Amino acid sequence: MAKIQMKTPLVEMDGDEMTRIIWQMIKDKLILPHVDLKTEYYDLGLEYREKTGDKVTVESAEATKKYGVAVKCATITPNAARVKEYNLTTMWKSPNGTIRAILDGTVFRSPIIVDGIEPYVKNWVKPIAIARHAYGDIYKASECRAPAGSKAEIVVTDKDGNETRVPIMNFEGDGIVMGMHNLDASIEGFARSCFNYALASKLDLWFSAKDTISKTYDHRFKDIFAEIYENEYKEKFEAAGIEYFYTLIDDAVARVIRSDGGFIWACKNYDGDVMSDMLATAFGSLAMMTSVLVSPDGKYEYEAAHGTVQRHYYKHLKGERTSTNSVATIFAWSGALRKRGELDEIPELCDYADRLEAACLKTIADGIMTGDLYSISKLENKKSVTTEEFLDAVAERI
């Protein structure tokens, strides 16, 4: 059969370690045999980010604004150990954080449900989608050490030069201090993205923060959500038969565990980072969670919700057997191809994305799976396969 033709390229953001190896396998085995793939390629591997002074990350985000759809491999956010390992000149910031700051919007993460893999929380019979704010908080924070005897303050100077000073701490001993921020416009975009996603999905929307403690910062989130809901979305939600409510995040955690699923849980940036990993693991595996960043003006960046699988990469370099779950990375590609097909009105490309996902799920339902799923699968006839064997089995079923 002739390959499916594309009109507009995807922005392709390559990554690091084991996911970089899987990235190329997915293209070679699952996509290139069926699609005349067009991409604008950016290497976000740590070595090339170092070489370009991380300029390549900014360029990839700007390209996403131009073309509208991107697909991203997992990347390393270096810590002190990584600086030494890769001989870096600086501890580069999270590529995801940089891209999110440029695109703004909201990250929506949902578990991939498959026969034979039961959630650890047995009453979760429907998916729970996390909506994660994609700007600010600790990801754009400034921080420093505070030596003994120092005084820390928040100082805000308005456009006329007037200062507002808020004391933080008089340090009798050595300590640390952090300053973080957010923007009303970004919070408003976050709120509208969540409300629109809930209406499109016909799912209840929960939003949680900690306004009882953070009486200005978190309370601003709560107020903006409430104002937009009351003025723009309340009647739409009532007509759709769905609900929006706010609750404290500790109460939300308790409610989530007791629920049967089937709703969207909106969280601030860091909360969403942590809770999406918790949900992914509780539903089965970190490699069974989709993730898409949606900007307020309708740009999309698809990725897996997990990291670069460092331990498997070192085994791969030694020539040892690896059994790395590639499903979330495959779904990142299928999501991006489907969205490209929708925007460019190429139904064959959308159909291919559907068939690729169905082939993944059928492979697992047939008992062929990687080690992370094998250890928790309830299927009687199951087989643990290598990274490459799983991809070959998916290729046979497309």
Side-chain angles (χ1 to χ4, degrees), residues 10-24 39-67 70-107 109 132-145 176-183 186 268-274 276-277 286 291-293 295 299 301-314 316-317 328-329 332:
L10 294 172
V11 176
E12 178 185 352
M13 306 175 185
D14 210 343
D16 289 294
E17 297 187 322
M18 195 63 203
T19 45
R20 187 182 182 97
I21 303 299
I22 291 171
W23 192 260
Q24 190 61 48
T39 73
E40 184 162 307
Y41 178 87
Y42 293 87
D43 185 356
L44 300 194
L46 191 50
E47 294 96 336
Y48 196 67
R49 281 155 49 207
E50 166 70 18
K51 183 178 179 180
T52 64
D54 210 27
K55 183 180 178 183
V56 65
T57 306
V58 175
E59 290 173 344
S60 71
E62 294 296 339
T64 304
K65 293 171 73 173
K66 175 182 177 181
Y67 290 107
V71 58
K72 181 182 174 295
C73 183
T75 47
I76 294 170
T77 299
N79 54 18
R82 295 295 203 166
V83 170
K84 183 177 180 180
E85 178 184 358
Y86 283 87
N87 195 28
L88 304 178
T89 55
T90 190
M91 195 180 298
W92 301 109
K93 291 187 176 181
S94 161
N96 287 345
T98 299
I99 294 165
R100 288 171 191 144
I102 292 172
L103 296 181
D104 202 0
T106 301
V107 177
R109 290 182 170 173
R132 174 186 172 187
H133 188 211
Y135 179 82
D137 299 349
I138 66 171
Y139 300 89
K140 293 287 287 182
S142 299
E143 55 190 8
C144 64
R145 297 284 300 273
I176 48 178
V177 65
M178 173 190 288
M180 63 186 199
H181 76 280
N182 226 292
L183 302 173
S186 182
K268 291 167 53 198
N269 206 345
Y270 180 73
D271 296 343
D273 191 1
V274 175
S276 64
D277 281 0
L286 284 171
S291 181
V292 56
L293 173 67
S295 73
K299 313 302 183 188
E301 183 246 311
Y302 294 81
E303 61 181 322
H306 58 75
T308 59
V309 204
Q310 179 185 15
R311 181 172 58 87
H312 286 199
Y313 180 60
Y314 292 156
H316 170 80
L317 291 180
T329 306

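Treat the numbers as computed from the prediction; the structure is a model and nothing was measured.
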What is the distance from atom [atom1] of [X] to atom [atom2] of [Y], rounded to the nearest 0.5 Å?
{"X": "M178", "Y": "I138", "atom1": "CE", "atom2": "CD1", "result": "5.5 Å"}
{"X": "Y313", "Y": "I22", "atom1": "OH", "atom2": "CD1", "result": "12.5 Å"}
{"X": "W92", "Y": "T52", "atom1": "CH2", "atom2": "OG1", "result": "7.5 Å"}
{"X": "I99", "Y": "E62", "atom1": "CD1", "atom2": "CD", "result": "11.0 Å"}
{"X": "I21", "Y": "Q24", "atom1": "CD1", "atom2": "CD", "result": "9.0 Å"}
{"X": "H306", "Y": "T329", "atom1": "NE2", "atom2": "OG1", "result": "4.0 Å"}

Over all heavy atoms of both residues, which pair between [X] and [Y] is shortest? Give the atoms and the distance, please.
{"X": "K268", "Y": "R132", "result": "O-CG, 4.3 Å"}
{"X": "L293", "Y": "A134", "result": "CD1-CB, 3.6 Å"}
{"X": "T75", "Y": "P95", "result": "OG1-CG, 3.4 Å"}
{"X": "S276", "Y": "R109", "result": "OG-NH1, 3.0 Å"}
{"X": "T19", "Y": "G307", "result": "CG2-O, 3.5 Å"}
{"X": "C73", "Y": "R20", "result": "SG-N, 3.8 Å"}

Just by modelled atom types, is the [Y] backbone N or O under 3.5 Å from a matching donor or acceptor in the [X] side chain?
{"X": "R49", "Y": "I76", "result": "yes"}
{"X": "E50", "Y": "T89", "result": "yes"}
{"X": "R145", "Y": "I176", "result": "no"}

Let me see the working for Y41 and D14 under side chain to side chain donor-acceptor pair (under 3.5 Å), right down to the final yes or no.
CA-CA 8 Å; Y41 178 87; D14 210 343; 2.7 Å; yes

Crowded around Y86 OH? As in, over 12 foreign heavy atoms under 6.0 Å?
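It does: Y86 OH has more than 12 such atoms within range.
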
Stepwise side chain to side chain contact (heavy atoms under 4.5 Å, CB included) check, M13 with T64:
CA-CA 10 Å; M13 306 175 185; T64 304; 3.2 Å; yes

Salt bridge or not for D16 and R82, using N-O below 4.0 Å?
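Between R82 and D16 there is no salt bridge, as every charged N stays at least 4.0 Å from the carboxylate O atoms.
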
Taking the side chain as C-beta and beyond, is there a heavy-atom pair between W23 and V71 under 4.5 Å?
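Yes. Closest side-chain heavy atoms under 4.5 Å.
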
Could you check if a side-chain atom of Y314 sits within less than 4.5 angstrom of a side-chain atom of E17, using non-hydrogen atoms only?
yes

Go through the side-chain N and O atoms of Y135 and H181 and say whether any donor and acceptor fall under 3.5 Å apart.
yes

